[in-house]
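Letters A, B, ... mirror the listed sequences (proteins, then strands); counts begin at 1.
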2 protein chains.
Amino acid sequence: MAPPLRHPDLRHVTLAQALAALADPVRLDIVRMAAKKDDLPCNAFLQAIPKSTASHHWRVLREAGLIRQEPEGTQKLNRLRRKEFDKRFPGLLDSVLRAKR
Amino acid sequence: MAPPLRHPDLRHVTLAQALAALADPVRLDIVRMAAKKDDLPCNAFLQAIPKSTASHHWRVLREAGLIRQEPEGTQKLNRLRRKEFDKRFPGLLDSVLRAKR
DNA sequence: TCGATTGTTCGAATTTATACGAACAATCGA
DNA sequence: TCGATTGTTCGTATAAATTCGAACAATCGA
């Protein structure tokens with residue numbers, strides 16, 4: 001896990017990219033979980049999807065500036081980049097988290 | 001233009017579907033225009049995209065419950081379903097329209 | 001050092017979205 | 001009725017997203 005993780009500056013994330021990252025049922029579930037609980041490992045879902053798929057979705061969220069991944073031993077702990085995302089897209093995450101599916 | 005247009009009940013539109021409809025630069029432009037001005041015809045864009053493409057994007061927005069299309073002579077006039085959409089997804093459209101690209 | 005744990009990367013298959021020309025349909029005005 | 005206007009539908013081509021197994025990499029504890 002040598003290469004440093006790329007956490008984009010939110011200024012470089014477009015609205016379309018942010019919406020696309022959120023426009024997936026699996027990723028919505030991840031975001032909802034991450035909103036409830038910090039420091040989720042990437043395998044928080046592995047009863048449902050294979051790990052290569054999970055890894056893909058975490059990456060999409062990371063590249064859209066929605067989550068920050070911090071290495072912690074053999075895992076990576078994930079947390080929403082709430083403040084930064086809210087500053088870039090005010091109200092968006094709130095409305096997504098408030099919406100019923 | 002005989003077949004009646006399908007305007008879904010917002011209760012049947014999922015969050016993922018709504019987000020996917022919005023997660024496209026062309027459709028974001030359309031939604032922004034429609035938010036500024038009611039009764040846009042479908043060809044409001046035709047300097048930029050061919051009409052079959054425009055028709056496609058209007059349909060995606062319609063099926064996501066974002067716009068209502070009303071036949072008016074040879075054209076179809078489009079308007080945002082603001083109230084209904086806001087009720088189903090409170091704050092979502094506001095945040096999208098407020099965001100800079 | 002060995003094995004277990006955690007997650008990434010690669011490659012490929014499948015699915016889905018986008019784009020657009022051509023033909024068609026509906027309406028209106030002359 | 002004819003032609004112009006407006007938009008849909010169809011077919012197809014291209015691009016992008018999703019999925020997943022297999023192999024690999026990094027860390028930790030025994």
Q: Are B:Q69 and B:C42 close enough that some pair of their side-chain heavy atoms sits under 4.5 Å apart?
A: yes
Q: Using OP1 and OP2 only, check whether a side-chain N or O of B:T74 sits under 4.0 Å from C:dC28.
A: no
Q: In the structure I gave you, are the side-chain heavy atoms of A:F45 and A:M33 within less than 4.5 Å of one another anywhere?
A: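 Touching, per the 4.5 Å side-chain cut-off.
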Q: From C:dG7, C:dA19, D:dC20, pick the nucleotide closest to the side chain of A:I49?
A: D:dC20
Q: Tell me whether the OP1 or OP2 atom of D:dT19 has a side-chain N or O from A:H57 closer than 4.0 Å.
A: yes
Q: Expressed as a whole number of angstroms, how long is the span from B:E72:CD to D:dT5:P?
A: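 It is 19 Å, rounded to the nearest whole Å.
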Q: Just to be sure I follow the notation: if a pair is Watson-Crick (purine N1 to pyrimidine N3 plus N6-O4 or O6-N4) or a G-U wobble (N1-O2 and O6-N3), each under 3.5 Å, what dot-bracket string does DNA chain C give, with | for pairs to another strand?
A: ||||||||||||||||||||||||||||||
Q: Whole-Å distance between D:dT18 P and A:E63 CD?
A: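 One finds 12 Å between P of D:dT18 and CD of A:E63, rounded.
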Q: Looking only at the side chain of B:C42 (C-beta and beyond, no hydrogens), which of the listed nucleotides C:dA19, D:dC20, D:dT8 gets closest?
A: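 Output: D:dT8.
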Q: Using 0.5 Å steps for rounding, measure from the CZ atom of B:R81 to the CG atom of B:L10.
A: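 B:R81 atom CZ to B:L10 atom CG measures 5.0 Å (nearest 0.5 Å).
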Q: For the base of D:dG21, is there a side-chain donor-acceptor partner from A:S52 under 3.5 Å away?
A: yes
Q: Could you tell me if the side chain of B:D24 sits less than 4.5 Å from the side chain of B:L28, heavy atoms only?
A: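 Side-chain contact under 4.5 Å: no.
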Q: B:P41 near the nucleic acid: base, sugar-phosphate alone, or nothing, with a heavy-atom cut-off under 4.0 Å?
A: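 Touches sugar-phosphate only.
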Q: Would you say the side-chain atoms of A:N78 pair up with the backbone N or O of A:D39, donor to acceptor, closer than 3.5 Å?
A: no
Q: Do you know which two heavy atoms are closest between B:A21 and B:L66, and how far apart they sit?
A: CB-CD1, 4.0 Å
Q: To the nearest 0.5 Å, how far apart are NE2 in B:H7 and CZ in B:R62?
A: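 It comes to 5.5 Å.
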Q: Look at the side chain of A:K51 and the base of C:dG7, then say whether one donor and one acceptor between them are separated by less than 3.5 Å.
A: yes
Q: Looking only at side-chain atoms of A:S55, point me to the closest of C:dT8, D:dG21, D:dT19.
A: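 Nucleotide nearest to A:S55's side chain: C:dT8.
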Q: How close or far is atom C1' of C:dG7 from atom NZ of A:K76, stated in whole angstroms?
A: 6 Å
Q: Can you find a side chain N or O atom of A:R27 that sits less than 4.0 Å from OP1 or OP2 on D:dT18?
A: yes
